[in-house]
Amino acid sequence: MPVPFNLADALDSALQSAAVQAGLEAAAFVPDVRTADPRHGDYQANGVLAYAKAHKQNPRAVAEKLVAALPAGVTEGYVITVAGPGFINFTLQPATLLAWLRMHDSKDHLRSNAASARHGQTWVVDYSAPNTAKQMHVGHLRSAVIGEAISRILEFSGAKVIRDNHIGDWGTQFGKLIWAYKHHRDEQALASDPIEEFERLYQMGNAAADANPAVLEQARQELVRLQSGDATNLAIWRQINEASLQAFQGIYDLLGIRFDVTLGESFYNDKVDRVYRELSDARLAEESQGALVVFHPEHPRFKTQPFIMRKADGASNYASTDLATALYRALHFHADGIVIVTDFRQADHFEQLFLTVRKWFAAKSYRLPALHHVTFGAVTGEDGKALRTRDGGTIKLKELLAEAEARAYALVSERSADLTEEERRKIAAVVGVASVQYADLSQNRSSDYVFAWDKMISLEGNTAAYLLYAVARIHSIFRKLGLAAGDLAGEAAGTPPETPAEQALARKLVKFADAIRLVNDTLRPHFLCLYLYELAGEFSGFYAADKVAVDDPAVRARRLLLCARTLLVMETGLGLLGLRTLTRM
RNA sequence: GCGGCCAUAGCUCAACUGGAUAGAGCGCCAGACUACGAAUCUGGAGGUUUGGGGUUCGACUCCCUAUGGCCGCGCCA
């Protein structure tokens, strides 16, 4: 029995054609198929209610007609009932569950089936984007972790993804930094930990310029020299960038991030004139108080709140470079979609940017990509205020990840004292980072994120440790039985799931497709986290209820198949979130 | 002042973007290791979804309003 990867999709189109068969006004009928509460079934179609309402018909009668018109290929695979005011419920038959599990037996099969969703599309994902000359701190975590997960899921869904690190490597701060570099640098510190020293110099330059107008003027001169191509200052600037990128990569390595391109603000320096020209020619931009700005008369706020794209002193700012960036991504990368991952405070900026881009591209007949500003809330301490260390400084990302690993190590040593020191170190490295990533990803990104160590490294509940533990237990079963986890031999003997726990687990497994779809549609990775958590929960229930390593070969084969698929889906899903997994912990 | 986001169990969060009896974890109570890893599982208690109106077959979700919190708003990004 061939079954599709995404069963909800298949039901949707089956209901569409049934609507034609049954004589409904098919164009006005949207099946609205979604996953259901298990009490009601696996999928439910809710579209009948809206249709019947609009057409003044009895919803139950319409539902009955639709069900009667479904092809045999569909009706054989499910138990179908009409319930309540006109819901159509579909419960998968055990044989259908088995067929799905058999067909999706490897990561490659999952991927190739999922890839139809965005086949042929190109997406640019813009995330992380720290400023050079500063260390990454806790505030940089969410963009990096969320952006990477979105990139992986878009890729899994068939898109060509270009990961772009739009670093802040240009701007007025470099005048002060170069001034401090020339007057106060510590060569020894520069050699041993350059990023730390640059950060110190930046703060020093900032403070000195604030305190002394003469310094401020000298810093301005340094900036002018840099911008006019002065060799010395350019060399310092390059040194700063190089050291910064190296430090960033240290963090990215821990988080499993590798960018395809790093096109920072400086890259767009020579591309902003075209932006000024084209927006002015299109009469979208106007002079206001000496600056070149864009107003949006149709917008309640942006009709008076300007989008400043060239400052009165003639310099560019991030509006101009972001406009140039949008054009570059559309023309050079042929992007079908652009995702920009930043915190919610920049919502106004990107709303103005997107409004401007839409009008500009329309005026020039440039192909417009889908534009998504993926926002997330602030990271706060447990008091609800911005997260700070005890002495009031920001928490460095490097230190945060080290702390997570140390806490994980203490836990592993406590729980698995029998493992060697080396093994415990390795496990702690994975669990520590995964806990940080997962704590961030598992929450709806739009709310503020309350940072709490105990919750993050916790072993219980919706945490990385819980998911990794489920994976480790499955590996353990295969190890005990002397089987390879990916070994497909013996699966042919697997029969349809029978016990309640087996069925619940199998029914959750096929919903993987729906979770992927949901994240694709919403760009919210927490839906995949929630799915994996629920899957791990179903597995744990199954594990407690039904022993796998039993003597009866038929029962054992049936349950081993479920274990193999749970492992496959868990490892695939965790991989899409950017987490590494373990075989023991 | 104008605008945006948010408010769900004691705490931290979900609720598939308008669907069926609002779900988890922590904490609390009561159980389950002579069974593949108890970092687990099974039950129980706990709710006027901030207050008040409205829209409709149906509202945590949409609209209005009040209160409280976070944030943005002319040359930082």
Side-chain angles (χ1 to χ4, degrees), chain A residues 32 34-37 39-40 44 46 49-50 52-53 59 83-87 89 129 131 168 170-173 265 288-293 300-302 304-313 315 317-319 321-322 342-349 351 375 377-378 380 382 384-386 411-412 414-416 431 442-444 446-448 450 452 454-455 458-463 465-466 468-470 472-481 511 514-515 517-519 521-522 524 526-527 529-531 533-534 537 540-550 556 559 563 584-585:
Chain A
D32 189 17
R34 60 182 71 193
T35 55
D37 185 313
R39 284 174 297 194
H40 302 122
Q44 58 178 264
N46 297 346
L49 282 85
K53 175 77 180 163
F87 301 111
N89 290 330
N131 290 329
W170 199 251
T172 49
Q173 73 271 27
E265 283 157 9
S288 173
Q289 298 176 27
L292 189 63
V293 308
R301 193 153 25 105
F302 302 143
T304 52
Q305 183 179 320
F307 189 53
I308 299 173
M309 49 183 268
R310 190 179 63 204
K311 302 195 285 184
D313 65 5
N317 65 358
Y318 85 139
T321 52
D322 277 1
T342 82
D343 71 81
F344 68 101
R345 286 176 301 193
Q346 298 189 45
D348 271 8
H349 168 74
E351 198 181 342
T375 64
T380 72
E382 293 180 64
K385 302 251 171 70
L411 278 169
V412 172
E414 181 191 322
R415 305 280 169 158
S416 303
V431 173
S442 61
Q443 182 172 331
N444 188 335
S446 58
S447 30
D448 282 355
V450 178
D454 292 338
K455 184 188 159 205
S458 163
L459 318 171
E460 291 135 353
N462 191 3
T463 62
Y466 179 81
L468 294 176
Y469 181 66
R473 287 215 290 194
I474 301 172
H475 275 290
S476 179
I477 292 171
F478 284 103
R479 234 181 354 251
K480 273 275 169 36
L481 295 174
K511 307 293 187 338
D514 302 291
R517 161 65 47 86
L518 192 53
V519 177
D521 290 348
T522 59
R524 290 179 187 273
H526 83 282
F527 285 122
C529 296
L530 184 64
Y531 168 76
Y533 174 59
E534 287 172 353
S540 296
F542 159 77
Y543 183 91
D546 296 331
K547 187 176 159 98
V548 177
V550 292
R556 180 194 283 218
R559 293 180 181 166
C563 288
R584 68 177 86 218
M585 66 187 275

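What you see below is based on every heavy atom in this structure, not just the backbone, and it leaves out hydrogens, waters and symmetry mates. Not measured: the values here are computed from a predicted model. Every chain is numbered from 1 and lettered A, B, ... according to where its sequence line falls, protein lines coming before strand lines.
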5'-most by nearest nucleotide on RNA chain B - A:A36 or A:W170:
A:A36

Assign [X] to base, sugar-phosphate, or nothing according to its heavy-atom contacts below 4.0 angstrom with the strands shown.
| X | answer |
| --- | --- |
| A:Y533 | sugar-phosphate |
| A:H349 | nothing |
| A:L530 | sugar-phosphate |
| A:T172 | nothing |
| A:K480 | sugar-phosphate |
| A:R584 | base |
| A:S442 | nothing |
| A:A347 | nothing |
| A:E351 | nothing |
| A:Q289 | base |
| A:D521 | nothing |
| A:V293 | base |
| A:L481 | nothing |

For the base of [N], is there a side-chain donor-acceptor partner from [X] under 3.5 Å away?
| X | N | result |
| --- | --- | --- |
| A:Y318 | B:A77 | yes |
| A:S540 | B:C41 | no |
| A:R524 | B:U17 | yes |
| A:T463 | B:G25 | no |
| A:D546 | B:A35 | no |

Pick the P atom in B:A9 and in B:A14, then give their distance to the nearest Å.
13 Å

Can you name the closest pair of heavy atoms from A:W170 and A:E265 and give their distance?
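In terms of heavy atoms, the two residues are closest at O-OE1, 3.3 Å.
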
Could you tell me how the ring of A:F307 sits relative to the ring of A:H349: parallel (under 30°), tilted (30 to 60°) or perpendicular (over 60°)?
tilted

Report yes if a side-chain nitrogen or oxygen of [X] is closer than 4.0 Å to either non-bridging phosphate oxygen (OP1 or OP2) of [N]; otherwise report no.
| X | N | result |
| --- | --- | --- |
| A:K311 | B:G74 | no |
| A:R34 | B:G19 | yes |
| A:S476 | B:G37 | yes |
| A:K511 | B:C16 | no |
| A:R559 | B:C36 | no |

When you compare the ring of A:F87 with the six-membered ring of B:A20's base, are the centres less than 5.5 Å apart and the planes under 30° from each other?
yes

Can A:H40 be classed as stacking with the base of B:A20, given a centroid separation cut-off of 5.5 Å and a plane angle cut-off of 30°?
yes

Flag the pair A:S540 / A:F542 as yes when at least one side-chain heavy-atom distance between them is below 4.5 Å, and no otherwise.
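SC-SC contact between A:S540 and A:F542 ruled out.
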
Could you check which nucleotide pairs with B:G25 in any of the strands shown, counting Watson-Crick or G-U wobble with both distances under 3.5 Å?
B:C11

